Amino acid sequence: QVHLVESGGGSVQAGGSLRLSCEVSGSIYSSYCMGWFRQVPGKEREGVAAIFIGGGSTYYADSVKGRFTISRDNDKNTLYLQMDSLKLEDTAMYYCAGDGLYSLSNNSCSMSAESFTYWGQGTQVTVSS
């Protein structure tokens with residue numbers, strides 16, 4: 001069984017930065033992906049960033065490219081999301097997800113919530129002007 005616990009959310013002004021952490025307990029297989037998703041009330045959960053555990057390749061939604069960075073520390077069993085140049089529209093509940101599918105046809109991690117098995121409880125990020 002895998003447990004994911006997010007931390008690091010909070011309130012920040014537009015243009016500021018936050019770093020989210022996701023502590024992982026249990027086995028995450030190297031053939032799968034981990035990712036960060038976000039959701040606002042009334043909308044579907046959106047894939048923000050993903051990382052292929054086996055090779056370290058990273059993938060980003062167009063809306064966050066150049067501003068967000070996903071990384072992992074294997075020694076600490078922790079996944080991170082560094083968020084810079086935050087915008088009002090980045091306000092959401094952010095979720096860590098594990099055991100996501102890697103698409104061989106696209107050579108990339110799936111950014112679909114349905115492709116991930118394990119989820120954390122979420123951490124709120126609020127960006128204000």
Side-chain angles (χ1 to χ4, degrees):
Q1 187 69 19
V2 174
H3 291 282
L4 308 175
V5 179
E6 303 97 333
S7 61
S11 297
V12 64
Q13 287 191 321
S17 298
L18 281 175
R19 188 176 80 157
L20 306 183
S21 299
C22 174
E23 187 173 342
V24 181
S25 59
S27 297
I28 296 290
Y29 295 105
S30 61
S31 60
Y32 287 88
C33 303
M34 291 201 70
W36 288 97
F37 289 74
R38 65 187 181 188
Q39 190 170 24
V40 297
K43 292 191 175 181
E44 292 187 355
R45 196 165 292 190
E46 172 193 20
V48 173
I51 185 167
F52 179 50
I53 298 302
S57 299
T58 57
Y59 310 91
Y60 298 94
D62 289 341
S63 58
V64 306
K65 277 181 183 176
R67 300 189 298 120
F68 289 13
T69 304
I70 188 172
S71 63
R72 74 192 196 279
D73 185 326
N74 291 336
D75 291 337
K76 295 182 178 179
N77 284 337
T78 303
L79 183 73
Y80 300 101
L81 184 68
Q82 177 67 41
M83 305 186 294
D84 299 319
S85 302
L86 282 161
K87 303 177 180 180
L88 298 179
E89 53 264 39
D90 294 320
T91 295
M93 183 71 78
Y94 282 73
Y95 297 90
C96 174
D99 269 15
L101 296 178
Y102 183 84
S103 171
L104 292 177
S105 59
N106 296 329
N107 286 325
S108 68
C109 288
S110 171
M111 297 286 274
S112 170
E114 291 76 16
S115 298
F116 285 75
T117 302
Y118 300 108
W119 294 88
Q121 82 288 350
T123 185
Q124 177 68 36
V125 172
T126 302
V127 184
S128 60
S129 58

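Index from 1, following the sequence. Given the structure is predicted, the values throughout are model-derived calculations rather than measurements.
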Quick one: are Y118 and Q1 in side-chain contact, heavy atoms under 4.5 Å?
yes
Examine I70 and V5 and state if one hydrophobic cluster contains both, with Ile, Leu, Val, Met, Phe, Trp and Tyr joined whenever side-chain heavy atoms are less than 4.5 Å apart.
no
Output all residues satisfying side chain to side chain contact (heavy atoms under 4.5 Å, CB included) with V125, sequence neighbours left out; order by chain, then residue number.
L18, L20, M83, Y94, V127
Nearest 0.5 Å please: distance from the OG atom of S129 over to the CG atom of L88.
5.5 Å
Quick one: which residue pairs count as a disulfide bond (SG atoms under 2.5 Å apart) with a foot in residues 34-106, not counting sequence neighbours?
C22-C96
Residues which pass side-chain hydrogen bond (donor to acceptor under 3.5 Å, both in side chains) with K43, listed by chain and number, not counting sequence neighbours:
none
Show me the side-chain donor-acceptor pairs of residues 74-81 shorter than 3.5 Å, one per line, residues at least two apart or across chains.
unit_1 : atom_1 : unit_2 : atom_2 : d
N74    : OD1    : R72    : NE     : 3.1
T78    : OG1    : K76    : O      : 2.8

Is Q124 close to T91 at the side-chain level, that is, under 4.5 Å between some pair of heavy atoms?
yes
Can you name the residues that form a side chain to side chain contact (heavy atoms under 4.5 Å, CB included) with S11, not counting sequence neighbours?
T126
Looking at every heavy atom in both L101 and Y32, which two are closest together, and how far apart are they?
CD2-CE2, 3.9 Å
Check for a donor-acceptor pair, side chain of D90 on one end and backbone N or O of K87 on the other, with a separation under 3.5 Å.
yes
What pairs with D73 under salt bridge (Lys or Arg N to Asp or Glu O under 4.0 Å), at least two apart in sequence or on another chain?
none
Start with the C-alpha distance between V48 and Y59, add both sets of side-chain angles, then the distance that settles side-chain contact (heavy atoms from CB on, under 4.5 Å), and finish with yes or no.
CA-CA 8 Å; V48 173; Y59 310 91; over 6 Å; no
Show your working on side-chain contact (heavy atoms from CB on, under 4.5 Å) between S7 and S21 and close with a plain yes or no.
CA-CA 5 Å; S7 61; S21 299; 3.7 Å; yes
Taking all atoms of both residues into account, what is the closest heavy-atom pair of A92 and V40, and its distance?
CB-CG1, 3.6 Å
Could you tell me which residues satisfy salt bridge (Lys or Arg N to Asp or Glu O under 4.0 Å) with R19, sequence neighbours excluded, listed by chain and number?
none
Mind checking who shares a hydrophobic cluster with W119, ILVMFWY linked at side-chain heavy-atom distances under 4.5 Å?
F37, M93, Y95, F116
Side chain to side chain contact (heavy atoms under 4.5 Å, CB included) filter on T69, not counting sequence neighbours, yields Y60, Q82
Separation between SG (C109) and CD1 (I53), nearest 0.5 Å, reads 8.0 Å
Can you list the steps and then say if L4 with E23 is a side-chain contact (heavy atoms from CB on, under 4.5 Å)?
CA-CA 6 Å; L4 308 175; E23 187 173 342; over 6 Å; no
Qualifying side chain to side chain donor-acceptor pair (under 3.5 Å) pairs with a residue from residues 44-56, counting only residues at least two apart or across chains
R38-E46, Q39-R45
Out of curiosity, T123 OG1 to W36 CH2, how far, rounded to the nearest 0.5 Å?
7.5 Å
Partners passing side chain to side chain contact (heavy atoms under 4.5 Å, CB included) against E114 (at least two apart in sequence or in another chain):
S112
Tell me, do S17 and V12 make a side-chain contact under 4.5 Å, heavy atoms counted?
no
Which residues pass the side-chain hydrogen bond (donor to acceptor under 3.5 Å, both in side chains) test with D62, not counting sequence neighbours?
K65
